[in-house]
Amino acid sequence: MNLLQISTRGMKNISQNITIDFANATVDRGVKKVNNVKGIFGYNGSGKTALMTSVYLYLRLSTNARYLLQNETIDKLEKMINRDTNSFYFSIVFDASEDLILKHEVFLTKNNKDTGYMIAREVVSHLVGRTINERYVEDVVVERGVIQNKPFMDSPFLENLRLKIQEDTSIVALFLDRLAELANEKKHRSLALSPVENELLAIGSLALHTDVYLQDGDTHSNYFMSKKALDHMISKLEAIKAKDISLIGQYFNSAVILKETLEEYQKDTRKLEKFIQIFKPKLKGIEIEKTEDGDYYHVRRVFVYDTCKVDFEFESSGIKQLVHLFSYLLKCANGNIVFVDEIDTNLNSVYFSKLISFFVKYGKGQLIFTTHNIESMNALRRQPKSILALGEDNKMDVWIGKGNRSPIKDYVEGFFPNSPMNLEDFDFIHVFMGED
């Protein structure tokens, strides 16, 4: 699966629609040119983090049927949703197969009691045009908890969902829950899905293969969805590997993993060790301390140096940041879609550029990141339309190289139409040296 387009509005300071395209060609004969890396640049407060948070919200809605019912979510949304619009919209377009391109749209508004948010409209549709911006045919339409289209309601398998759907529940999340129930009943292996049901399954799979890393947010909850649901997805789709479950332990030093995934956890820890040594050569290794607990291990990582051993809990904030970031990058390198906010935090500028270059040349997944480090533009300049700048009024500039033009020079000198660098060194004089 390839991510082809995302579009959103209504998150924090994003009041206008923002669209990011990943496909650089028509799609009537198959998607041939897709960006695997996108770098989003912009001044402080331009909406970069809001953009990443919108992806995070979409994933929560699509994988957690009770997300909008949680008190923590209600409090978060009151702070996250744009106060002028009091609504949120997100759409995602991807290629579910060689000849099927799907679009999933979710629109949130205030609920009738004004005590939280509800899903006012949710649509699943498939492309019938030549480009991703042309006509789509709606296959699933849900408005305020009511499924609108009759072909969908005629499905025996989904009759149960029709009765359960509510204004605060995504049909995709509910579908995943239903699959989990069938997996528990051991009925999923003989399950024959209709075309519409396979579309919902494809969207759910995409959501499970997409991750968002936010600097100050709860970015780990997706990894604690029902193991039964994951087990079913693993059995249904070969693209989801069992090692995904072992990656739960990557995000916390004190983690609980299945005994059967210990070998994979050790393997990933060795990769983490090599990754950290790039930034901290004095690290000799990473030891794993484990204690048994039935079918599980409680594991902790200990960082080994010449003169001491340091529990991860007492490592520097920079090392902790790298460890957390590595888990996402590892999944992206092996095929997942990963969004990372402020990816350059605590990273050496030279190493950071080399890291981005790796994903441009060798990454199997798609990496979308925000950053203030403009040197990484050099690693992106050879990949068409991979350098984006989020500027004034939520407008996105796409840098298109011509000849030997430098994206860094164009950016610094204000040649991005919506991101003018109207700042000179003498502008600070009246701040630091001026009189009141």
Side-chain angles (χ1 to χ4, degrees), residues 1-6 55 57-68 89-108 119-128 136-185 187-210 222 225-226 228-240 337:
M1 294 184 183
N2 289 301
L3 181 60
L4 304 180
Q5 184 188 78
I6 60 172
V55 182
L57 175 56
Y58 166 76
L59 294 178
R60 300 287 79 73
L61 292 170
S62 300
T63 57
N64 187 340
R66 298 187 58 81
Y67 184 71
L68 288 177
Y89 171 80
F90 192 94
S91 73
I92 189 166
V93 179
F94 67 101
D95 56 340
S97 64
E98 187 173 342
D99 57 355
L100 178 62
I101 291 177
L102 296 178
K103 183 176 185 178
H104 183 212
E105 301 172 271
V106 180
F107 184 70
L108 295 186
I119 299 178
R121 181 175 171 85
E122 182 176 12
V123 181
V124 175
S125 52
H126 70 273
L127 179 69
V128 293
Y136 288 79
V137 172
E138 296 178 344
D139 299 318
V140 181
V141 179
V142 183
E143 292 186 354
R144 297 179 180 271
V146 180
I147 299 174
Q148 300 295 315
N149 44 330
K150 190 175 186 299
F152 182 78
M153 290 187 285
D154 286 341
S155 165
F157 173 68
L158 294 173
E159 177 65 18
N160 182 269
L161 301 191
R162 186 179 69 81
L163 299 175
K164 288 185 177 181
I165 191 72
Q166 300 291 331
E167 294 178 347
D168 47 32
T169 307
S170 163
I171 189 67
V172 174
L174 200 60
F175 181 81
L176 291 180
D177 276 3
R178 179 59 179 150
L179 289 180
E181 292 173 5
L182 292 173
N184 190 42
E185 298 168 5
K187 295 180 180 179
H188 60 285
R189 296 191 182 279
S190 60
L191 185 65
L193 299 181
S194 70
V196 171
E197 293 159 0
N198 272 310
E199 290 182 10
L200 293 176
L201 181 60
I203 295 170
S205 177
L206 179 79
L208 291 172
H209 279 86
T210 304
N222 193 41
M225 73 171 292
S226 168
K228 294 177 183 177
L230 280 177
D231 283 345
H232 173 77
M233 298 301 290
I234 290 167
S235 65
K236 183 67 180 176
L237 300 174
E238 293 182 359
I240 301 180
I337 301 167

Requested in this report: Just jot down the side chain to side chain donor-acceptor pair (under 3.5 Å) partners of Ser62, sequence neighbours excluded, or say none.
Outcome: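 Scan of Ser62 (side chain to side chain donor-acceptor pair (under 3.5 Å), adjacent residues dropped) gives none.
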
Query raised in the report: In chain order, what residues pass the side chain to side chain donor-acceptor pair (under 3.5 Å) check against Glu199, with sequence neighbours excluded?
Result: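 Here no residue qualifies.
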
Query raised in the report: So, the side chain of Ser205 versus the backbone of Leu201: is there a donor-acceptor pair under 3.5 Å, distance only?
Result: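 The answer is no, because no donor-acceptor pair under 3.5 Å joins these two groups.
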
Query raised in the report: Would you say Glu105's side chain and Lys103's backbone share a donor-acceptor pair under 3.5 angstrom?
Result: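 Flag not set: sc Glu105 to bb Lys103 has no pair under 3.5 Å.
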
Query raised in the report: Side chains of Glu138 and His126: donor-acceptor distance under 3.5 Å anywhere?
Result: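 The criterion, which ignores hydrogens and geometry beyond distance, is not satisfied for His126 and Glu138.
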
Would you give the length of the straight line joining atom [atom1] of [X] to atom [atom2] of [Y], rounded to the nearest 0.5 angstrom?
| X | Y | atom1 | atom2 | answer |
| --- | --- | --- | --- | --- |
| Tyr89 | Arg121 | OH | CZ | 9.5 Å |
| Leu59 | Leu208 | CG | CG | 9.0 Å |
| Tyr67 | Leu57 | OH | CG | 5.5 Å |
| Leu4 | Asp95 | CG | CG | 5.0 Å |
| Leu174 | Leu200 | CG | CG | 10.0 Å |
| Tyr58 | Ser91 | OH | OG | 9.0 Å |

Side-chain touch [X]/[Y], heavy atoms, less than 4.5 angstrom:
| X | Y | value |
| --- | --- | --- |
| Phe175 | Glu197 | yes |
| Leu102 | Tyr136 | no |
| Val140 | Val196 | yes |
| Met1 | Ile337 | no |

Query raised in the report: Going through the distances and angles, do Val123 and Val142 end up as a side-chain contact (heavy atoms from CB on, under 4.5 Å)?
Result: CA-CA 6 Å; Val123 181; Val142 183; over 6 Å; no

Report task. Please report the shortest heavy-atom distance between Thr169 and Ile119, naming the atom on each side. Result ->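 Here Thr169 and Ile119 meet closest at C-CD1, 3.5 Å.
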
Query raised in the report: Minimum heavy-atom separation for Leu176 to Thr63, with atom names?
Result: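 Smallest heavy-atom distance, with atoms named: CD1-CA, 4.2 Å.
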
Query - Check: Phe90 ring centroid to His104 ring centroid under 6.0 Å - result: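 Judged by ring-centre distance (under 6.0 Å), Phe90 and His104 do not meet the cut-off.
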
Report task. Verify side-chain contact (heavy atoms from CB on, under 4.5 Å) between Leu108 and Leu61, making sure each step is shown before the conclusion. Result -> CA-CA 10 Å; Leu108 295 186; Leu61 292 170; 4.0 Å; yes

Requested in this report: Show your working on side-chain contact (heavy atoms from CB on, under 4.5 Å) between Glu167 and Val146 and close with a plain yes or no.
Outcome: CA-CA 8 Å; Glu167 294 178 347; Val146 180; over 6 Å; no

Requested in this report: Determine, stepwise, if the pair Val93 / Ile101 fulfils side-chain contact (heavy atoms from CB on, under 4.5 Å).
Outcome: CA-CA 7 Å; Val93 179; Ile101 291 177; 3.6 Å; yes

